[in-house]
Amino acid sequence: MPKQSTHVTILLATLLFATRALSDSFDRTFVYEAETDLGHEIGYLDASGWAANVSNQNTGHLVFGPYATNWGAGAGKAVFRLMIDNTTSNNLAVARIEVHCHNSDRTIASHEILRGDFAAPLQYQDFDLWFDLTLCASEQMEVRLRWFDRAFMNIDKVTVYIDDFSAGEPTIKNFSLSSTAHVNTLVRRAVEGLGFGTYDPVASQIRRDGPNAGDLIFVGRYYMAWIDQTGFYGKMNALWLLNGASGDSLAFLHEERSTNRPISFLGVAEDGNGTWLPGYSGAEHFELPHEFSEPEEDPNGNGLCDTDESCQGSSCVRRICNWYSINEAAAVTDNDLPLWTSCGNNRTAWARKLAPTVNEQTSSSLKLVYKAPITKETDAALDGVRDGDRCHQNMLFSDGVRRPVYLHLGYVLYGDRNYFDRTYQFENPEGNPGFGDEVWSVIGGIVISKIPATQSTKAKLFHTVRPDNISVTGPVFPYVFPADQWTIRVPPLWPVQDEGWSWAGTSLSWSARGRASRGDSIKMEYLGPSDNDGAGFCACYDHGGMEIGGGVLNRGISIPIAGGTRSIETTRRFSFPSDYILPFVYEAEDGQLGKNLGRQEVDGWSANTAADSQGYLIFGPYADYWGDGPMSAVFRMMIDVITTGGNVATIEVYDSTTNTIIASRAIARSAFLQPFMYQDFALDFSLNGRLGHQMETRLKWHDVAYLKVDRVSIFDR
């Protein structure tokens, strides 16, 4: 009996083992049987597949072909169904899977399969290879398996899944109170401002990583969001804040001064150059620390990555073996993150269409949910080699078997509210054992900006922090953020590691100005039915980004869950407060400002030399909510006669908490351009170091001219 017959017998006796994460829908599918539909450079017929063994074969292409001309110009994945005989003798590469353009002799995707990537000997296993056909449209296409003569290998078939790609504009969901024409103009400005070239027919054919026809742009009154459904499981990869107006008055809050380019409030392409964050896969980060070891990572054989590898019992202290996440198109490329870059190959194609499993629309809201397989996305190299083994494979359970587990990721987007909700839920499919002892939780959050930030709108967003009702402690100065007040966060002088604040147990707010004001601040709260204490944020110097999130679906609370069940659905709400909308305006005649002299007129408060003596015409309002940073007070005043000399008044900004005049300016009669005409006089000042102090504006009248003040306005500078 020929040697290969032994493998046939074993093959027929084994159960099929698949690690492909999700058999979701594509536009088209092609199945190529290895023994009948593909060509062979080496090998022999072996049961239902085509095989080679080390005793009588040399390195070469086990299969190639079929020179297909009907794949189109989209993107997709080729799934190679393979088996080998030995999975433990070493962890060398045993084969390379390829997608090849025949006419131009160009390999557009390839991935080496390691011996250790196989879960068990002599069991078929599926290996995905993602590709994009941009460079090979109309060519004859091949799938190829190059065998390295290091293990018996059998290939059953190759299945090719294709998503068609159409360059062009994303679908717009208009939930604002503005016309379609006006919203379309805003969307075009926003998308063009990212720098991906979506609206350029030439560039959009080449670049598939920006907003395109498969994506969604949501427009409400308070924000606009790019929901990236191509290459991502509906991830929000851009967010623009809007002013809440209706009609043609709807406008962006943040634009570059010189170009009027709308600035996204998230990190992807925030500088308008079409770039992805090197330390993240898009503008939201997920990581699931995993504590059960791969076989070669377990020196003591107890299934754990232990602090003490000589420990054998159940009391051994576990440490992280690897991190799981989601395979999405944007690879981590930051060299400071070798654990993540080791799994940078074979990412989901940029043009992969990922439709929501839930799509519910009301008159004022849109709910979207996407089902994402949780896969191994790092190589911690606890086996001594950072070779990217088992990247993108399914969840490793505590019994050493890989099985699919899903994270349902959703958004509820509102047309009439200044917040959106981000939802998370685990699904452990029917037939699986209990899941949850393997991982800590889902850690991460939205990535506001890269570090150091280059956009002034976000550069100081972490400047001040406010917990709602519980004081929060952390790793660096000031070590405590007291409840219910804004506190300045002082970044480290030489940042060398991530600065993470976690398990806040309360909602958190951040502000560039020390106040909850429109465009300057963001608030996050947890709204799940339980398990809401994991809120936090990170100045993540390793990943190079400002993250707002923390941990959700925590072990010991929301998980473990049994097979065939789901965890709770938990919610993070991100809101953009408008408690204060600048300028702060104080009318002279209303009750917010005090008076020591003078009288009310129809449009202001006045004093004259016949009836009054010099003193403070107005003072106040003892405001403790101005925040900090550079500001300007503008006094609107008029006088009767402008022809004689001398100073008629002094304007001041006064810190009532410390009894300090922090800025003053004498106003000369000659500074007025016309008699009885209101004129603005600005006084610049700084509130640095005065966060929460009671602040006054004061107008001291010198009793040399009739003077009337209309109002005082406070601006950021």
Side-chain angles (χ1 to χ4, degrees), residues 233 235 280-281 284-293 304-305 317-328 339-340 369-378 380 394-398 403-410 421-428 432-447 470 472-475 498-508 524-538 540 542-543 545 547-563 565-574:
Y233 290 89
K235 183 173 286 185
Y280 299 93
S281 185
E284 186 177 9
H285 178 54
F286 313 109
E287 61 177 58
L288 287 76
H290 187 275
E291 292 183 334
F292 285 86
S293 67
L304 305 178
C305 297
V317 178
R318 289 185 279 185
R319 60 180 174 141
I320 300 170
C321 298
N322 288 289
W323 283 258
Y324 279 65
S325 187
I326 295 168
N327 183 7
E328 295 179 299
L339 281 74
W340 293 88
V369 180
Y370 302 82
K371 182 179 179 179
I374 302 169
T375 49
K376 182 176 180 287
E377 296 302 321
T378 68
N394 278 337
M395 175 63 63
L396 179 68
F397 277 66
S398 58
R403 302 179 181 92
V405 177
Y406 302 105
L407 187 58
H408 292 260
L409 296 162
D421 294 334
R422 184 55 158 150
T423 62
Y424 309 82
Q425 184 182 47
F426 282 125
E427 178 189 349
N428 188 20
N432 282 2
F435 161 74
D437 285 331
E438 295 82 1
V439 299
W440 290 7
S441 60
V442 181
I443 298 173
I446 62 171
V447 186
I470 299 175
V472 175
T473 60
D498 290 354
E499 177 194 326
W501 299 72
S502 59
W503 287 98
T506 182
S507 52
L508 295 166
M524 181 190 70
E525 51 194 322
Y526 279 29
L527 302 175
S530 60
D531 195 3
N532 293 321
D533 289 344
F537 70 102
C538 179
C540 291
D542 284 346
H543 281 267
E547 288 184 50
I548 292 174
V552 295
L553 304 175
N554 297 284
R555 185 173 69 198
I557 308 175
S558 294
I559 53 175
I561 53 174
T565 65
R566 296 189 185 188
S567 69
I568 63 166
E569 183 180 68
T570 193
T571 300
R572 283 182 182 141
R573 174 166 292 174
F574 298 94

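Side chains are part of it too, since the values below use all heavy atoms of this structure and drop only hydrogens, waters and symmetry mates.
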Participant: For D533, check side-chain contact (heavy atoms from CB on, under 4.5 Å) against everything at least two apart and list the hits.
Facilitator: W503

Participant: Between CD of E569 and OG1 of T423, what distance do you get to the nearest 0.5 Å?
Facilitator: 4.5 Å

Participant: For E328, what residues pass the salt bridge (charged side-chain N to carboxylate O under 4.0 Å, His left out) criterion, not counting sequence neighbours?
Facilitator: K235

Participant: Is the NZ or CZ atom of K376 positioned over Y324's six-membered ring, under 6.0 angstrom from the centre and within 45° of the axis?
Facilitator: no

Participant: For the atom pair CD (E438) and CD1 (I374), what is the distance rounded to the nearest 0.5 Å?
Facilitator: 10.5 Å

Participant: With a 3.5 Å distance limit and no angle check, can you tell me whether N322 reaches the backbone of H290 through a side-chain donor-acceptor pair?
Facilitator: no

Participant: I'd like to know whether E377 forms a side-chain hydrogen bond (donor to acceptor under 3.5 Å, both in side chains) with T375, so could you lay out the CA-CA distance, the side-chain angles of the two residues, the decisive distance to 0.1 Å, and finally the verdict.
Facilitator: CA-CA 6 Å; E377 296 302 321; T375 49; 2.6 Å; yes

Participant: As an exercise, state the distance from CZ of R572 to CG of N532, rounded to the nearest 0.5 Å.
Facilitator: 11.0 Å

Participant: Measuring from S293:OG to L396:CG, what's the distance to the nearest 0.5 Å?
Facilitator: 7.5 Å

Participant: For P560, enumerate each residue passing the side-chain contact (heavy atoms from CB on, under 4.5 Å) test, keeping only those at least two apart in sequence or located in another chain.
Facilitator: D437

Participant: Please determine whether a side-chain nitrogen of the Lys or Arg among E291 and R319 lies less than 4.0 Å from a carboxylate oxygen of the Asp or Glu.
Facilitator: no

Participant: Using the ring pair (Phe, Tyr, Trp, His ring centres under 6.0 Å) criterion, which residues pair with Y424? Sequence neighbours excluded.
Facilitator: none

Participant: Could you check whether any side-chain N or O of Q425 sits under 3.5 Å from a backbone N or O of S567, counting only pairs where one atom can act as donor and the other as acceptor?
Facilitator: yes

Participant: For C540, check side-chain contact (heavy atoms from CB on, under 4.5 Å) against everything at least two apart and list the hits.
Facilitator: Y280, D498, C538, H543, E547

Participant: Can you list everything that forms a ring pair (Phe, Tyr, Trp, His ring centres under 6.0 Å) with H408? Sequence neighbours excluded, please.
Facilitator: none

Participant: Output all residues satisfying ring pair (Phe, Tyr, Trp, His ring centres under 6.0 Å) with F286, sequence neighbours left out; order by chain, then residue number.
Facilitator: none

Participant: Can you list the residues that meet the side chain to side chain donor-acceptor pair (under 3.5 Å) rule with S441, with sequence neighbours excluded?
Facilitator: N554

Participant: Which residues satisfy the ring pair (Phe, Tyr, Trp, His ring centres under 6.0 Å) test with Y370, sequence neighbours excluded?
Facilitator: none

Participant: Please evaluate residues F292 and F397 with respect to the criterion ring pair (Phe, Tyr, Trp, His ring centres under 6.0 Å), reporting the C-alpha separation (whole Å), side-chain torsions for both, the decisive distance (0.1 Å), and the verdict.
Facilitator: CA-CA 8 Å; F292 285 86; F397 277 66; 9.7 Å; no

Participant: side-chain contact (heavy atoms from CB on, under 4.5 Å) with I548: which residues, sequence neighbours excluded?
Facilitator: I446, I448, F462, W510, I522, M524, F574

Participant: Given F435 and F426, is the side chain to side chain contact (heavy atoms under 4.5 Å, CB included) satisfied, shown in steps?
Facilitator: CA-CA 9 Å; F435 161 74; F426 282 125; 4.0 Å; yes

Participant: Applying side chain to side chain donor-acceptor pair (under 3.5 Å), name anything that partners T506, two or more places apart in sequence or on another chain.
Facilitator: N469

Participant: Is there a side-chain contact between I320 and W440, using heavy atoms and a 4.5 Å cut-off?
Facilitator: yes

Participant: Not counting sequence neighbours, which residues clear salt bridge (charged side-chain N to carboxylate O under 4.0 Å, His left out) with D531? List them please.
Facilitator: none

Participant: If only atom types and distance count, is the side chain of S558 paired as donor or acceptor with the main-chain N or O of L553 below 3.5 Å?
Facilitator: no

Participant: Can you tell me how far the CG atom of N432 sits from the CD atom of E427, to the nearest 0.5 Å?
Facilitator: 9.5 Å

